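Please read these numbers as outputs of a predicted model, since none were measured by experiment. Sequence lines set the chain letters: A, B, ... in the order given, protein chains first and strands last, and positions in each chain run from 1.
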Amino acid sequence: MHTFKLPVISGLFGFALLGGLWAAQPAPPVPKVRQNDLAPLPATEKAAATHAPFEAGDCRLCHQRADPASPGPLTGPVNELCLSCHDDFQKIVAGKTGHAAARESCVSCHNPHDSRQPKLLVDESATLCLSCHETIKNFALHSPVKHAALTDGAKCLNCHNPHGSEVEKLLVQLPLNLCLTCHGKDDVTDHDGRKLTNMKKLLAENPVHHGPIASEDCSACHNPHGFQNFRLLNQEYPSTFYSAFDLRFYALCFECHETSMITEARTATQTRFRDGQTNLHFLHVNKAERGRTCRACHEVHASKQKHQLRDSVPYGPKGWALQLNYTKTPTGGSCAKTCHATRSYDRARLPEEKK
Amino acid sequence: MPPAATTVPASPKKKNSLGRLLALLVAATLWPAVWGFAAVAVGDLLDEAVLPDLDGSPHHLLAGATVNVFIFFKPGQEHSAAAIRQFAALEKEFAGKSVRWVAITSDRTPRAEAEAARLAAGIAMPVLIDAGDALFGRLGVILEPCVGLAGADRRLVAYRPFAKVNYPAVVRAEIRHLLGEIDAAELARAGNPPPATNGGPAAAAHRRLRLAEKLFQAKLYPQALENVQTSLEKDPASAPAHALRGQILAAQNQPAAALLAFARALELDPANAEALRGKAGLANPSP
């Protein structure tokens, strides 16, 4: 069973190698204030950004004296001074999801005089973020599966607003909208150069969306900072069509779905895919050999059919598409002429009744 | 084993208020992620059920509060632990309001684990035991954790499975909407918050204007003028910026140019106090 052994072995190797990184141990505390050298650049050096009051030349706008050689202390607390002009940041920084570093002190990240960096940043933006956010830095550095969003374009600022946001984690938008800004295009590839699905198109063409997508939460399944599993999946999930069943291999699904949906041969409550009390999820998936993975029947992101059922399943070396021909009934449904002859199921069927 | 959940049949359907139906329709339109349990949809009337808590005392699933929140969770599961910690905070936030909370777990969970999860999260709400997963099966609970909200009329108003981002924010908004504290537009905003920006040209114009004001107060007129000009380049329709430009020009003894600036400010905002005062001051200069 080469098809499932390879990912399993690589997954276990990944765990062994990187287990410490993802072990459930408390992350180191993120400092609230960063100490920086805030002196102006030497006059001989060209600044990438200069603060307008500094450029205007009167130190008294912020300091007690006008003398650039000896301006003296500030006339008030640093954030009060900053926000007296930048008052549009007042609400967002002070809000529930404001950045603690910004709330504590604007000069944690900005030099109020001039800087070699845009936006008066005291360092290159990602370097600056990761100097406090060490756990994320470790993910970014050591993850076997990388996410280009961390290294391309504005880096951390592709997804996060460093001042604050109405979305948790300082995200610029809810994860789905954010992810689709890149993953809603045709020419996106993964870190190995493989072309990735245009998710915007896929979601538009397939109206039945998986719960996390309906909640606009791609991060329910994918770790955007990098991870050890293929496709940045948060947990183990078989990458193949067939897989021997083991709960560990489906850890991703069982973060939300109840394990008994698969592990119990008979149930009247744990799944609606049952014939009487015969659990048809158990029947399809829970096998030592040739167990069907969830994707054998379900589209993980979106589908045209209810229950995220696929239209067809790939068959044979040429990937022929066998239509699922699913029909839903009030108490069950049927699949016709697909992997098997037409079979129907009925939740209301009594144990003694025969099909 | 605790006694099985007792089902109390729903009372005959009352005529739903037009307002509630409209609110649901608006919410469904503005916030497409409105769905339901596998067997019970948003808008459906819920059967009452009586379930035992960890001590065996019976509790109703719904109890006539304005908002009835029922949370399905699985002790020992990471998402459930995160969710009930968040609900503990929300429970405190809505203390004293007509919001009733219950958490429900399967009787597959050892009682000690359920009790430990309750203590770890710091929830005050009762943890109810669903014997034989009867309630799970009846509602079609296929995801854990998840939360259902029902109104006093026992209709399912909202169903929310766990999300890693903004979960408490959307549940808070659902509760506040049901309490009548926010309208449908605010509810929709919680579900789809606007993108966080760093302000754009309008904010940059505003910052330059604030700086120009400070420079004007410090009598640094050339610098103040330069900054108000920059502000106007970014936002030419700003009445306060035109008014400040008038004040600076007046202070620089350029009355004709100042009058033009005040006139432009009043064109944009006839009630602009600075422009009115500046214009009057130029018409009647103090001796």
With a 4.5 Å heavy-atom cut-off, do [X] and [Y] have their side chains touching?
X	Y	answer
B:Arg108	A:Thr259	no
A:Glu168	B:Pro168	yes
B:Ile142	A:Met261	no

For the candidates [options], which exhibits the highest count of non-hydrogen atom pairs separated by less than 4.5 Å from chain A?
options	result
B:Ala203, B:Pro145, B:Ala204, B:Ala38	B:Ala38
B:Arg208, B:Arg189, B:Glu226	B:Arg189
B:Ala169, B:Ala218, B:Pro194	B:Pro194

Can you say whether [X] sits under 4.5 Å from chain B via the side chain, the backbone, both, or neither, judging by heavy atoms?
X	result
A:Gln270	side chain
A:Phe89	side chain
A:Ala52	both
A:Pro53	both

[atom1]-[atom2] distance between [X] and [Y], expressed to the nearest 0.5 angstrom:
X	Y	atom1	atom2	result
A:His86	B:Leu211	NE2	CG	8.0 Å
A:Cys85	B:Glu213	SG	CD	8.5 Å
B:Tyr167	A:Asp217	OH	CG	11.0 Å
B:Gln223	A:Leu61	CD	CG	9.0 Å
B:Lys74	A:His257	NZ	NE2	12.0 Å
B:Asn166	A:Glu216	CG	CD	10.0 Å

Problem - B:Glu93 atom CD, over 12 foreign heavy atoms within 6.0 Å - result: yes
Practice task
Using a cut-off of 6.0 Å, state whether more than 12 heavy atoms not belonging to A:Lys169 lie near its atom NZ.
Solution key: no
Let me know if [X] has heavy atoms under 4.5 Å from chain A in its side chain, its backbone, both or neither.
X	value
B:Pro222	neither
B:Thr197	backbone
B:Leu143	both
B:Leu209	neither

Kindly give the heavy-atom pair with the smallest separation between [X] and [Y], and that separation in Å.
X	Y	result
A:Ser219	B:Val165	OG-CG2, 3.7 Å
B:Ala196	A:Gly164	CB-O, 3.6 Å
A:Arg272	B:Ala39	NH1-CB, 3.5 Å

Exercise for the section: Would you mind telling me which of A:Glu258, A:His209, A:Gln173 has the largest number of heavy-atom pairs within less than 4.5 Å of chain B? Expected result: A:Glu258
Handout entry: B:Arg210 side-chain N/O to A:Ser84 backbone N/O, donor-acceptor pair under 3.5 Å
Key = yes
Exercise for the section: Output yes when a side-chain donor or acceptor of B:Gln77 lies under 3.5 Å from a complementary backbone atom of A:Glu255, and no otherwise. Expected result: yes
